[in-house]
Number of protein chains: 2
Amino acid sequence: MSVNQREIGRRRLLAEIRAQKSIPRIDLAERTGISRATVTTITAELLREGLIEEEQRDSPDKDTRRGRPTVNLRIRGAARLIAGAKISNRAISLVLLDFEGAHLADHEVALDKSVFAPAELAAILGAQLDALARKVGCGRADVSGFGIGIAGIVDAPRGFVHWSPSLDARNVEFADVIGRQLSVPTYVDNDANLVAVAEKTFGLGQGHSDFIVVTIESGVGMGIYIGDEIYRGTRGCGAEFGHTKVHLDGALCRCGQRGCLEAYVADYALLREAMIASGDHAGMVVDKVLSAAEAGDPVAKSIVDRAGRMFAMGLANLVNIFDPELIILAGEQMLSSHLYAEEVIEAMRGSIVQIDKAPPEVVIHKWDNLMWARGGAAYALDKVQERALADMVDYAG
Amino acid sequence: MSVNQREIGRRRLLAEIRAQKSIPRIDLAERTGISRATVTTITAELLREGLIEEEQRDSPDKDTRRGRPTVNLRIRGAARLIAGAKISNRAISLVLLDFEGAHLADHEVALDKSVFAPAELAAILGAQLDALARKVGCGRADVSGFGIGIAGIVDAPRGFVHWSPSLDARNVEFADVIGRQLSVPTYVDNDANLVAVAEKTFGLGQGHSDFIVVTIESGVGMGIYIGDEIYRGTRGCGAEFGHTKVHLDGALCRCGQRGCLEAYVADYALLREAMIASGDHAGMVVDKVLSAAEAGDPVAKSIVDRAGRMFAMGLANLVNIFDPELIILAGEQMLSSHLYAEEVIEAMRGSIVQIDKAPPEVVIHKWDNLMWARGGAAYALDKVQERALADMVDYAG
DNA sequence: CCGATTAAATTTGAAAATCAAATTAAATCG
DNA sequence: CGATTTAATTTGATTTTCAAATTTAATCGG
């Protein structure tokens, strides 16, 4: 019943094949501790199911050893088609991956407004998904899973959106709405969580079981991996790093509360201060503040410096609470380069509990705007694989 | 190899028996999904091993139904003897439990100083453990596991103490030192973590898979359960709640850094402020500040109020990051009652992300000073049970 | 007091799954 | 081209689980 022994083996082997990209059976047995006999049996099942494939050894010179040569196994890309999307302020970007995670196509569309009714947004997503699938000569029906990232508070296991700046309603069963309307299995998560999934699947989080991803756009987001699983809290809405408080009764945040980290480091926070200082209430943009600070303007410098120190303090709090092995600062726009500066990281290191052990590694990962959508796809990929494995249960050679 | 199927079943059943205290086989099958046949087989093994026992039905009137009556199974208390200890400032308290977790004896001793060499402290612990065991007519050799809580930064899986206010050396393999010196399997963890273990095993955390325990003595400590496991971070030293920063370049903390939560809410923080305000540099005690505040003294009130608001802010940050279902505020001395006041909890609720879902439950748990030691014992109990199960592998009827 | 009834626990026998060992397959070496 | 080497598969025994049948231990009703 539920999860039988064989299914555990299949899961373990498929995960290992995915992690290693390409690996012979004997190494699978070695790495997983499953006997060679069982590896043969299980991989035969996975082959028949079409989830994996044997790799052609196109480089016979490479294998110069004696004995029967190894046959590498890998995920069969053609097995499934996976789509991912990110809903941004006035745009949607989509990406289409195969079952191996390889990029097949992408697609972007600008929107004429930023807030939508759920069904309206679902219709747009459907049309764009069709357009995306058409690029590889497929239809929507060929897509096995669709993962969508959206800003706001999301209970991912239920696909339930408590609140999002992109929706005109609260408490929407958004995954259900889209899934029913498009007839494609749909999964919705907070966009920052999906960046963490993307980092784990394709990026710098590969091979790490515990790490934190912090993203900075206009808001501050966070995703946490603990024990190879993304941590979402008990209401599905933890990891609200941007709204942790860094000052008692501090600056007003757009969430309505005071002293949120976001109210000190987001672009609108910098702008607000710059406006106050200059008296100039129009035409002020963040770039100008940053370049003024760099040029040595003392007011601009103090504004930017404080943002950096607040950010360092927030990061230090994360480290003191989680003690992660790795922190990934991720972002597409380098508007936040001042927050990722070495001084900021150094200030963070100075604010964590001091022990005779290296502080967590901090890396900066700058990527294109498709990374968000790829995170959505990676999330859907995981779900699709899970479903494929579950559906195999009734299979008997 | 390693964890075989049967061992999984044994673990699952033993855990369920422990959780339910007393439960018949048929309910075990029902709850675990393991077939009745297998439950019979496995419980027979556990019975033969002496880890569980059949309960005498001493109340035959209770069971008024027809049919063969159920036979309840329970953990066999006599199976093992478990000790726990808490090293406090100038005292050590110990507790002796049976394998079921029942209290057998306790013992306390005052110390003439607060900082010790590791071997010296180990010797004291050995002597007190002997005294404790003697109370139930046993010797140290009968104790299967010894769990010790100590303040400071501890890498629990290794039993390694990075730093502790009770030790005169840094980076001590403390569990090894004690274990070798006493010839008793010894486990060491941060004292706040062990309070969390105690709450999970004996207290309000029973039945909760994700919760946070915050303790306030002179310092502020925290323990986190995520997915039924205590979370310790990758270096074994996460959960340093007391040293999360609540103010940029704020008050000086005894850790040497600035703006730590502890520097605002600990007793010494209140004292410092009260001294500054009154000019009175001697004879000031925390109780006096608190009672003055309660009596309406405006200075005292502002001091205590700010501590409360800082604490609320720290708690809110925890909730925003973890989204736990439950927060347990635990402590033995009610010096911290001002921090546990309803206004403080309400302030916390006002500083967390607002969604249409209940905020986490907050409960206050006040207990005696033996709770710390019981946490140590609970930790050791878990390890001893794990060892007992592992040792059964080679067992064949 | 005794057979019918009921429900827990155990036993039985078949099915599932793993693994060590033996065998087969596919290569290189000399 | 046979010996050697190593991967992969097959074989046969063992472990483990579970559904169904059986046994056990109680109550019920007459």
Side-chain angles (χ1 to χ4, degrees), chain A residues 1-13 17 20 22-48 52-73 389 392-397, chain B residues 1-13 17 22-48 52-73 392-397:
Chain A
M1 200 144 288
S2 71
V3 180
N4 56 21
Q5 186 84 353
R6 175 53 59 94
E7 208 177 329
I8 294 172
R10 282 197 284 244
R11 201 163 268 128
R12 182 87 188 76
L13 288 179
I17 293 170
Q20 302 301 322
S22 178
I23 182 174
R25 281 172 249 254
I26 192 158
D27 290 2
L28 279 175
E30 173 77 20
R31 282 169 171 278
T32 61
I34 296 170
S35 75
R36 279 142 54 149
T38 305
V39 168
T40 291
T41 312
I42 291 180
T43 54
E45 281 178 19
L46 294 172
L47 280 165
R48 262 177 300 178
I52 62 173
E53 63 190 2
E54 295 192 334
E55 200 172 48
Q56 304 308 330
R57 274 165 297 107
D58 40 13
S59 54
D61 48 332
K62 270 282 182 61
D63 200 350
T64 184
R65 292 172 314 167
R66 279 220 237 180
R68 180 173 176 173
T70 59
V71 178
N72 280 18
L73 299 172
L389 283 167
M392 277 181 74
V393 176
D394 47 10
Y395 181 92
Chain B
M1 202 140 290
S2 70
V3 179
N4 57 20
Q5 188 84 352
R6 176 51 59 95
E7 209 177 328
I8 294 172
R10 281 197 286 244
R11 201 163 267 129
R12 183 86 187 75
L13 289 179
I17 294 170
S22 177
I23 183 174
R25 281 172 250 252
I26 193 156
D27 290 3
L28 279 175
E30 174 76 19
R31 282 168 170 279
T32 60
I34 296 169
S35 76
R36 281 143 51 147
T38 306
V39 168
T40 291
T41 312
I42 291 181
T43 54
E45 281 178 18
L46 294 172
L47 279 165
R48 262 178 298 178
I52 63 174
E53 63 192 0
E54 296 192 334
E55 200 172 49
Q56 303 308 328
R57 275 165 295 109
D58 39 12
S59 53
D61 48 332
K62 271 283 182 58
D63 200 351
T64 183
R65 292 170 314 166
R66 278 221 236 180
R68 180 173 177 173
T70 59
V71 178
N72 280 20
L73 298 171
M392 277 181 72
V393 176
D394 49 9
Y395 182 91

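Computed from a predicted model, the values in this text were never measured in an experiment.
In terms of position along DNA chain C, the nucleotide closest to B/Gly67 lies nearer the 5' end than the nucleotide closest to the other residue of the pair B/Gly67 and B/Asn72.
Across all strands, B/Val71 comes closer than 4.0 Å only to sugar-phosphate atoms, never to a base (heavy-atom distances). Nucleic acid contact for B/Arg25: sugar-phosphate only, since backbone atoms but no base atoms lie under 4.0 Å from a heavy atom of the residue.
Closest approach to the B/Arg68 side chain among D/dT5, D/dA8, D/dA25 is made by D/dA25 (side chain taken as heavy atoms from C-beta onward). Candidate nucleotides D/dC18, C/dC29, C/dA20 were compared by shortest atom distance to the side chain of A/Ser35, and C/dA20 ranks first. Nearest to the side chain of A/Ala37, among D/dC18, D/dT11, C/dT10, sits D/dT11.
Under the rule for a side-chain hydrogen bond (donor to acceptor under 3.5 Å, both in side chains), A/Thr40 has no partner lying at least two apart in sequence or in another chain.
At least one side-chain heavy atom of B/Leu46 sits under 4.5 Å from a side-chain heavy atom of B/Met392.
One interatomic measurement links the two molecules: CD1 of A/Ile26 to P of C/dC19, which rounds to 15 Å at whole-angstrom precision. One can place CD of A/Glu45 at 9 Å from P of C/dT18, the figure rounded to the nearest angstrom. In this structure, B/Arg65 atom CZ and C/dA7 atom P are separated by 8 Å, rounded to whole Å. Residue A/Glu55 contributes atom CD, which lies 17 Å from atom P of D/dA7 at whole-angstrom precision. Computed from coordinates, the A/Leu47 CG to D/dT9 P distance equals 9 Å when rounded to whole Å. Separating the CD1 atom of A/Ile34 from the P atom of D/dT9 is a distance of 15 Å, rounded to the nearest angstrom.
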When you compare the protein's N or O atoms with those of nucleotides 13-17 of chain C, which come within less than 3.5 Å of each other, and at what distance?
none

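Applying the salt bridge (Lys or Arg N to Asp or Glu O under 4.0 Å) test to every pair with at least one member in residues 22-33 of chain B, sequence neighbours left out, gives these pairs: B/Glu16-B/Arg31, B/Arg25-B/Glu54.
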